[in-house]
Engineer: 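Questions regarding the structure given below will be posed in turn.
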Amino acid sequence: MSTKFPFSGELVKAANKKYEEVIFFVHFFEGNKRLIKRHVKTVNLLGFDAFIFTLPLTWNPVRPPIAKNFRFGWKHVYADVISELLDLVPGKKIIFSFSNPSASAIEAMAARKCKDVAALICDSGPSARFLYSAFSLSKQYLKEGEYFKAGTMQFGPLFWTPFFHRDIKKHLNVLPDGFPILSIRGWKDPLIPPSHIDAVFEGHSQIHWRKLSLPLAGHLNGLRDFRKEYMAGLTPFLGEIATPIS
């Protein structure tokens with residue numbers, strides 16, 4: 001495991017590497033690289049090296065969320081971070097992203113014209129109805145007694161992106177013909193229902209996307225609680241698009 005990248009980036013190598021591509025992970029909102037260890041271990045066991053990092057904090061009163069080209073919002077700041085790291089990680093990559101930061105990953109892919117990215121895996125997102133997602137998260141914080149977080153989420157969507165994810169469509173249009181995407185969703189997800197994910201990808205005939213549906217799963221708990229079903233969809237997808245080491 002090496003730490004020589006910005007944003008605490010680490011390349012976690014597989015004990016028995018079988019594929020050329022690196023799985024480039026983009027963690028979920030308010031997460032960090034440690035919280036996706038289960039996924040890292042899983043792809044390592046499948047024979048992939050993994051890259052992990054930690055996105056910068058969103059609620060930073062000192063630094064406003066201004067990205068390159070003066071775009072306002074953490075979605076765009078995240079996209080810049082992801083683009084920078086994609087440039088630094090050598091070789092071909094498969095992006096594996098979670099929840100709404102998947103929209104930042106798509107934005108970064110479009111900005112780089114999908115250079116050296118072979119495929120995209122999205123777990124529990126992104127949402128085409130971002131306001132619904134944000135306010136549902138605010139309600140969840142209230143139930144958990146996180147009153148400050150619940151309050152900030154009332155205006156948080158403006159700081160995430162003033163476009164409320166309407167710009168995802170133009171970013172997906174940049175992806176090349178036949179670009180493979182695996183969309184993983186739990187039918188019981190209270191934050192991002194499957195129909196809100198479908199609305200992101202539908203209408204883009206040039207991409208080749210498929211669904212991995214988990215009827216009993218909620219938000220981001222597919223691999224933990226429904227591993228057999230999760231792996232039954234993930235493993236063949238990776239097997240189809242990855243390049244075996246000869």
Side-chain angles (χ1 to χ4, degrees), residues 1-58 60 63-71 73-123 125-126 160-161 167-168 171-172 174-176 179-182 238 241-245:
M1 190 161 54
S2 62
T3 305
K4 57 181 181 181
F5 298 90
F7 305 102
S8 302
E10 299 177 17
L11 187 62
V12 186
K13 296 186 177 181
N16 181 20
K17 185 175 179 178
K18 299 178 182 178
Y19 300 98
E20 293 182 5
E21 288 82 4
V22 174
I23 306 294
F24 183 102
F25 283 102
V26 178
H27 66 73
F28 48 89
F29 178 71
E30 293 193 326
N32 58 62
K33 62 185 181 182
R34 294 185 299 276
L35 295 178
I36 55 173
K37 288 190 298 184
R38 183 181 289 105
H39 285 79
V40 174
K41 183 178 179 180
T42 295
V43 301
N44 278 170
L45 290 173
L46 291 175
F48 292 91
D49 289 345
F51 181 78
I52 54 176
F53 67 100
T54 297
L55 290 163
L57 294 174
T58 48
N60 188 336
R63 181 191 175 203
I66 305 295
K68 294 177 182 177
N69 299 325
F70 304 102
R71 292 167 299 169
W74 280 106
K75 172 180 178 287
H76 312 299
V77 172
Y78 285 178
D80 287 345
V81 170
I82 294 166
S83 293
E84 178 181 346
L85 290 171
L86 284 170
D87 286 338
L88 293 174
V89 176
K92 293 186 291 185
K93 274 80 71 173
I94 296 169
I95 295 181
F96 199 139
S97 59
F98 299 89
S99 195
N100 276 317
S102 295
S104 301
I106 293 170
E107 181 175 331
M109 289 164 55
R112 299 173 75 253
K113 301 190 185 305
C114 223
K115 178 181 63 175
D116 64 28
V117 176
L120 172 67
I121 301 167
C122 296
D123 186 329
W160 177 250
T161 171
D167 55 351
I168 298 181
H171 296 147
L172 285 172
V174 177
L175 303 188
F179 185 82
I181 297 175
L182 177 64
L238 287 171
I241 52 93
T243 308
I245 296 174

Engineer: Do I168 and P126 make a side-chain contact, defined as non-hydrogen atoms from C-beta onward lying under 4.5 Å apart?
Structural biologist: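 I168 reaches P126 side chain to side chain.
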Engineer: Let me see the working for I94 and V43 under side-chain contact (heavy atoms from CB on, under 4.5 Å), right down to the final yes or no.
Structural biologist: CA-CA 11 Å; I94 296 169; V43 301; over 6 Å; no
Engineer: Contact between S97 and L120 at the side-chain level, heavy atoms closer than 4.5 Å - yes or no?
Structural biologist: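 Yes; the side chains approach each other to less than 4.5 Å.
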Engineer: If we only count heavy atoms from C-beta on, is the E107 to I82 side-chain gap below 4.5 Å?
Structural biologist: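 Side-chain contact under 4.5 Å: no.
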Engineer: Look at atom NZ of K41 and say whether more than 12 heavy atoms of other residues, nucleotides or ligands are closer to it than 6.0 Å.
Structural biologist: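 Atom NZ in K41 is not crowded, with 12 or fewer foreign heavy atoms closer than 6.0 Å.
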Engineer: When you measure from the side chain of D49 to the backbone of A14, do you find a donor-acceptor pair of N or O atoms at a distance under 3.5 Å?
Structural biologist: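 Pair found, side chain donor or acceptor close to backbone of A14.
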Engineer: Any non-hydrogen side-chain atom of K75 less than 4.5 Å from a side-chain atom of W160?
Structural biologist: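 SC-SC contact between K75 and W160 confirmed.
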Engineer: With I95 as reference, evaluate V22, L86, I23 under the side-chain contact (heavy atoms from CB on, under 4.5 Å) test and give the passing residue.
Structural biologist: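 Single side-chain contact (heavy atoms from CB on, under 4.5 Å) partner of I95 among V22, L86, I23: L86.
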Engineer: Checking N69 side chain against R71 main chain: does a donor-acceptor pair fall under 3.5 Å?
Structural biologist: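 Such a contact is absent between N69 side chain and R71 backbone.
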Engineer: Taking all non-hydrogen atoms of both residues into account, name the closest pair between D80 and A67 and its distance.
Structural biologist: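 Nearest heavy atoms, D80 then A67: OD2-CB, 3.1 Å.
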Engineer: Tell me the closest heavy-atom pair linking F96 and H39, and the distance in Å.
Structural biologist: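 Closest approach of F96 to H39: CZ-CD2, 3.7 Å.
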Engineer: Is L46 close to K18 at the side-chain level, that is, under 4.5 Å between some pair of heavy atoms?
Structural biologist: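 No - every pair of side-chain heavy atoms lies 4.5 Å or more apart.
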Engineer: Please work out whether the ring planes of F48 and Y19 are parallel, tilted or perpendicular, with thresholds of 30° and 60°.
Structural biologist: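 Parallel: the ring planes of F48 and Y19 meet at under 30°.
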Engineer: Between the side chain of N32 and the main-chain N/O of L35, is any donor-acceptor distance below 3.5 Å?
Structural biologist: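 Yes; at least one donor-acceptor contact below 3.5 Å.
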Engineer: About how many Å separate CG of L238 and CG of L182, when rounded to the nearest 0.5 Å?
Structural biologist: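 Here the rounded value is 8.0 Å.
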Engineer: Report yes if some heavy atom in the side chain of D123 is under 4.5 Å from a heavy atom in the side chain of F28; otherwise report no.
Structural biologist: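 Counting from C-beta outward, D123 and F28 never come under 4.5 Å.
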Engineer: Looking at every heavy atom in both G9 and F53, which two are closest together, and how far apart are they?
Structural biologist: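 Of all heavy-atom pairs spanning G9 and F53, the closest is CA-CB, 3.8 Å.
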Engineer: Shortest non-hydrogen contact from S8 to K33?
Structural biologist: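 For S8 and K33, the tightest heavy-atom pair comes out as O-NZ, 2.6 Å.
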Engineer: Taking all non-hydrogen atoms of both residues into account, name the closest pair between I241 and E21 and its distance.
Structural biologist: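 So the two residues come closest at O-OE2, 4.0 Å.
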Engineer: Report the residues that fulfil ring pair (Phe, Tyr, Trp, His ring centres under 6.0 Å) with H171, sequence neighbours left out, ordered by chain and then residue number.
Structural biologist: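 H171: no ring pair (Phe, Tyr, Trp, His ring centres under 6.0 Å) contacts found.
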Engineer: Could you tell me whether the side chains of H27 and T54 share a donor-acceptor contact shorter than 3.5 Å?
Structural biologist: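 Absent: no donor and acceptor within the cut-off.
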Engineer: Given side chains that start at C-beta, do those of V89 and D116 come closer than 4.5 Å, heavy atoms only?
Structural biologist: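 No. Closest side-chain heavy atoms not under 4.5 Å.
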Engineer: Please examine the side chains of L55 and Y78, heavy atoms only from C-beta on, and report whether any two atoms are closer than 4.5 Å.
Structural biologist: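 Y78 vs L55: side chains touch.
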Engineer: With a 3.5 Å distance limit and no angle check, can you tell me whether K93 reaches the backbone of G91 through a side-chain donor-acceptor pair?
Structural biologist: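 Confirmed, K93 side chain pairs with G91 backbone.
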Engineer: How close do L85 and P6 get, heavy atom to heavy atom, and via which atoms?
Structural biologist: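 So the minimum-distance heavy-atom pair works out to CD2-O, 3.6 Å.
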Engineer: Passes salt bridge (Lys or Arg N to Asp or Glu O under 4.0 Å), E84 versus K68? Steps please.
Structural biologist: CA-CA 11 Å; E84 178 181 346; K68 294 177 182 177; 5.5 Å; no
